[in-house]
Amino acid sequence: MQALSLHMSKTAMGASQKDFESAMNQVKLLKKDPGNEVKLKLYALYKQTTEGPCNTPRPGVFDLINKAKWDAWNALGNLPKETARQNYVDLVSDLSSSDSSSQVKPEADRKQPGYETLVVTSEDSITKIMMNRPAKKNALTIQMYREIMLALEAASKDDSTIIVLTGNGDYYSSGNDLMNFMNIPPGEMEKEAKNGAILLRDFVGCFIDFPKPLVAVINGPAIGISVTILGLFDLVYASDRATFHTPFTHLGQSPEGCSSYTFPKIMGQAKAAEMLMFGKKLTAREACAQGLVTEVFPDSTFQKEVWTRLKAYSKLPRNTLHISKQSIRNLEKEKLHAVNAEENSVLQERWLSDECINAVMSFLSRKAKL
Ligand SMILES: CCCCCC/C=C/C(=O)SCCNC(=O)CCNC(=O)[C@H](O)C(C)(C)COP(=O)(O)OP(=O)(O)OC[C@H]1O[C@@H](n2cnc3c(N)ncnc32)[C@H](O)[C@@H]1OP(=O)(O)O
C-alpha cells in the first residue's frame with residue numbers, strides 16, 4: 001500500500017468535478033478492501049474537496065472511528081480544494097489499477113495497513129484478524145482492544161463472508177495484559193477503572209452486535225477474556241493443544257464477555273460454575289464435550305483442516321448466511337447488552353479490591369503464574 005501514497009497531480013490540466021464524481025463511483029466498484037489507512041485518506045480528501053478545511057470539534061476519546069476520520073481530515077490543514085480533488089482522483093486511479101491487476105499475492109502484500117498489534121488479511125472472502133504479540137502470549141493491551149474493535153468495524157463493512165479471530169505463535173491469547181493495571185497515577189485508580197469498564201463494554205459490545213459469522217480459530221491456550229467472549233462466536237475450532245482457562249477468582253476478578261449468561265446456557269450451571277467460579281482449566285476435548293468448542297483438530301493438521309473447511313463455507317450464499325446469523329442472534333441482543341453492562345459494573349469495583357490488586361502485583365513481581 002505504500003506505493004499508493006499520495007503523489008502530485010498526474011494530469012497537468014487538473015481533475016474536473018466530473019473526474020471527481022467518476023472516481024467516487026469507481027471506489028464503490030473496488031473488489032478488494034483497500035484497508036483502513038487508505039480509506040481514511042479517501043475520506044479526508046473527499047471532505048476537503050467538498051467542504052474545505054476541517055473546522056468541526058474533535059469527537060470524544062471513545063468515539064474511535066469518528067476521531068480517526070476527524071484526525072485524517074484535520075491533517076490536510078489548508079490544502080486547497082482543487083488539490084484535494086486531484087489527489088482523490090489520483091489515489092482512486094492507483095487503487096483501481098492495483099485492484100484489477102491483483103492476483104494471488106503473498107500474505108505480506110495482502111496485509112491491511114494501520115494495525116500495530118494485529119495482522120489483518122482478507123482472502124477467499126474471509127477476513128482474518130490475527131492477534132500478533134506472540135512473545136507476550138498475545139496478552140491484550142489497551143491498543144489491542146481498540147485495534148480489534150476497529151478491525152471488526154471494518155470487517156463488518158468489507159466484502160468478506162466470514163470473519164476469523166486467531167492468534168500468532170503458541171498461544172491463542174493469555175487474556176488481559178496485566179500491565180494494563182500498571183502505571184496508574186495515585187488517585188487515578190477509580191477513574192482508570194471506570195475507563196477500563198467503558199472500554200470493555202464497547203469491546204464486548206462489538207462482538208454482541210457483529211453482523212457476520214464470527215469464527216474463533218483457537219491455535220493454542222486461551223485465558224480470561226479470550227475465552228469468555230467465545231459464547232458470542234458462531235463457530236469455535238480448536239487445536240488439541242488448546243486449553244480454556246478463566247481463573248477470575250484467583251485474580252480477584254469476576255466473569256466478563258457475557259460469560260455469566262452464555263456459559264450456563266451453553267454448558268449448564270454446574271459446569272459453568274466450575275470454570276467461572278473455581279477456575280477449572282478445560283482441555284480442548286472437554287470444552288468441545290461441553291459445547292463451548294465446535295470441533296477439535298489434531299495440532300499437526302489444525303491449520304490445513306480448518307482453513308479448508310472455512311474456504312468451503314465462505315462460498316455459501318453470503319447474504320443468506322448473514323441473515324441466518326442475525327436471526328439466530330438478534331433475539332438475544334438486548335439481554336446480552338444488559339448482561340455486559342452488569343458484568344462491567346461489578347468488574348469495575350473488583351479492580352479496586354485488595355484481592356485483585358494483590359493478584360496482579362503477585363504476577364508482576366513474578367511470584368505467581370497461572
Ligand atoms: C480494559 C481492561 C479489560 C479487562 C478485561 C478483563 C479480563 C480479564 C482477563 O483476561 S483475566 C486473565 C489475565 N491473564 C493472566 O492472568 C495470565 C498471566 N500470564 C501467565 O500466567 C503466564 O504468562 C502464562 C501461563 C500465560 C504463560 O506462562 P509461560 O509459558 O511460562 O510464559 P511467560 O510467563 O514467560 O510469558 C511470556 C511473556 O509474556 C508475558 N505475559 C503473558 N501473559 C501475560 C498477561 N496476561 N499480561 C501481561 N504479560 C503477560 C509474560 O510476563 C512474559 O513476559 P516477559 O518475557 O517476562 O517480559
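Side-chain atoms are counted along with the backbone in the values below, which use heavy atoms only and exclude waters and symmetry mates. Counting starts at 1 for both ligands and their atoms, in listed order. Counting begins at 1 with the first residue of the sequence.
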So is there a nitrogen or oxygen of Ser174 less than 3.5 Å from a nitrogen or oxygen in ligand 1? yes
With heavy atoms of Ala135 as the reference, note each atom of ligand 1 found under 4.0 Å away. 37 (C), 38 (C), 39 (O)
Please work out whether any backbone atom (N, CA, C, O) or any side-chain heavy atom from C-beta onward of Leu251 is under 4.0 Å from ligand 1, and answer side chain, backbone, both or neither. side chain
Flag if over 12 foreign heavy atoms under 6.0 Å of CD, Glu51: yes
Which class fits the ring pair His250 and His245: parallel under 30°, tilted 30 to 60°, perpendicular over 60°? perpendicular
Within a distance under 4.0 Å of any heavy atom of Asn176, pick out the atoms of ligand 1 and give their elements. 2 (C), 3 (C), 4 (C), 7 (C), 8 (C), 9 (C), 10 (O), 13 (C), 14 (N), 45 (C), 46 (N), 47 (N)
Would you check whether Ser226 reaches within less than 4.0 Å of ligand 1, judged by its heavy atoms? no
Please verify whether a non-hydrogen atom of Phe203 lies at under 4.0 Å from ligand 1. no
Mind running side-chain hydrogen bond (donor to acceptor under 3.5 Å, both in side chains) on Glu343 and Ser254 for me, showing each step along the way? CA-CA 8 Å; Glu343 286 179 345; Ser254 49; over 6 Å; no
Filtering Phe363, Phe248, Tyr171, Tyr145 for the heavy atom nearest atom 3 (C) of ligand 1 leaves Tyr145
With a 4.0 Å cut-off on heavy atoms, does Phe181 reach ligand 1? no
Interfacing atoms of ligand 1 (cut-off 4.0 Å, heavy-atom, Trp351): 4 (C)
Using the side-chain hydrogen bond (donor to acceptor under 3.5 Å, both in side chains) rule, pick out the option among Thr161, Asp234, Asp158 that qualifies with Lys212. Asp158
Any chance the side chains of Ser173 and Asn138 put a donor and an acceptor closer than 3.5 Å? no
4.5 Å side-chain heavy-atom contact, Pro213 and Ile163: no
Would you mind finding which of Leu199, Val360, Ile225 brings a heavy atom closest to atom 1 (C) of ligand 1? Leu199
Just wondering, do Asn36 and Tyr115 contact through their side chains at under 4.5 Å, heavy atoms? yes
Side chain, backbone, both or neither: the part of Ala139 lying under 4.0 Å from ligand 1 by heavy atom: side chain
